[in-house]
Amino acid sequence: MDKELNQQYKRLVVKFGTGLVTGGSDHLNPEIMSGLVAQVAKLHEQGREIIVVSSGAIAAGRHCLELPRRRKVGGIPYKQVLAAVGQNRLMNFYDSLFSQHDITVAQALLAKADLSDRAGYLNARNTLLALLELRVLPIVNENDVVAVDEIKEARFGDNDNLSAMVANLVDADLLLILSDIAGLYTADPHHHPEARLIPQVAKIDAGIEKLAAGTTSSLAIGGMVTKIEAARLATASGIAVVVADGREPEVILRLAGGEAVGTLFLPAASKLESRKRWMLSGLCTKGRLVVDSGAATALKKRQGSLLAAGIKQVSGRFEQGDIVNISDAEGTRLGCGMTNYSSADIEVIKGAHSGEIATLLGYDYGSEVVHRNNLVLL
Ligand code: GLU
């Protein structure tokens, strides 16, 4: 990371994984956490705006209750109970550590459902921005108590994706994902001693995703896969991302000071406007359009509008004005957009030429199913 780039890093989101805050043990590690907090405090003193996304609630709750792993209590998924016990313990830790640096912290527990409508998204955004303005340091976690574990779509599920969502929400300049793995490697370093760390990724393509899928981390929930998902969302919104080992001495300060540590994912786009970042977050998508290869190329290469002729398949139920995902026939997500037609309409007009829409439906909202102005590509 060069110095010039680093000058732009005014607003940072820093994510601490469970493996990091526990030091790989079964409880929160005060020494490690105090080292991380001291670094964040220094950045805060430099006038930067920082939001911490911290895991560790479930680990803290499990340790406190001394209960075995993977069990349900009264039918409620165990993790939700553990999070309820552990979250305030986690916050107490942070509160006392940050108060040693005269920094006031705030707890923000986010649930996916709260952010999926535009008003909820904007409320969460405004609260976090107001806290930053007051120089209060927000500490974010998923609201595991209300997030229903069984329904994957209803939760972020891992704090890597949550941290990207938060970075997207507040329009951060840099997202640091710190865990117990040094970054993205050319092969799984646990099994291939010759594996090399990749210092910089310009674009997250299928090759990068494949590398991530082959890398394991003993402690992280999603390992490298969720980190790449997070990096993809954040970089598409115009945010730089670093995945690094949080146990490296002074790693946060070194990164903020322009040193290259871990893997830097370069922003794919210039900063997107708020409405487009919200669309891209995937929080609000109601369905999916699968397009043929011609349409996929037109979208990617020419940033054209999506026409009915290029649509092969439609899934989900949505109305005109809803946000839908767009993917190619192989299932790769290309982006998302606001649709001019409902799912029922698209079922009828998919594959048809624009001139046929009026005959097929009896009305016509224009030849574009998704107009290029309402399209956000990954
Ligand atoms: N929200 C969970 C916790 O606080 C962690 C999820 C994750 O580590 O990705 O324990």
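Whatever order the structure lists them in is the order used to number ligands and atoms, beginning at 1.
Contacts between Asp160 and ligand 1, counted as non-hydrogen atom pairs separated by less than 4.0 Å, are absent for every part of the residue. Here Thr18 has side-chain heavy atoms under 4.0 Å from ligand 1, and that is the only part of it that gets that close.
Residue Asp158 approaches ligand 1 through these ligand atoms, each under 4.0 Å from one of its heavy atoms: 9 (O).
Between Phe16 and Tyr94, the ring-plane angle classifies as parallel under the 30° and 60° cut-offs.
For ligand 1, the polar-atom distance check against Lys15 finds no nitrogen or oxygen pair separated by under 3.5 Å. Remark: ligand 1 and Ala59 share no N or O pair separated by less than 3.5 Å (distance only, no angle test).
Which of Thr226, Asn141, Thr22 comes nearest to atom 4 (O) of ligand 1 through a heavy atom is settled by distance: it is Asn141.
Under a 4.0 Å N-O distance rule, the pair Asp292/Lys312 does not qualify as a salt bridge. For Asp180 and Arg247, the salt-bridge test fails: no basic side-chain N is under 4.0 Å from an acidic carboxylate O. Ion pairing of Asp171 with Arg277 is present here, as a side-chain N (NZ or NE/NH1/NH2) and a carboxylate O approach within less than 4.0 Å.
Side-chain N or O atoms of Thr22 include one that pairs as donor or acceptor with a backbone N or O of Gly24 at under 3.5 Å.
Side chain to side chain, Ser237 and Asn168 meet the donor-acceptor criterion of an N or O pair below 3.5 Å.
By the 4.0 Å heavy-atom criterion, Ala83 is excluded from the residues contacting ligand 1.
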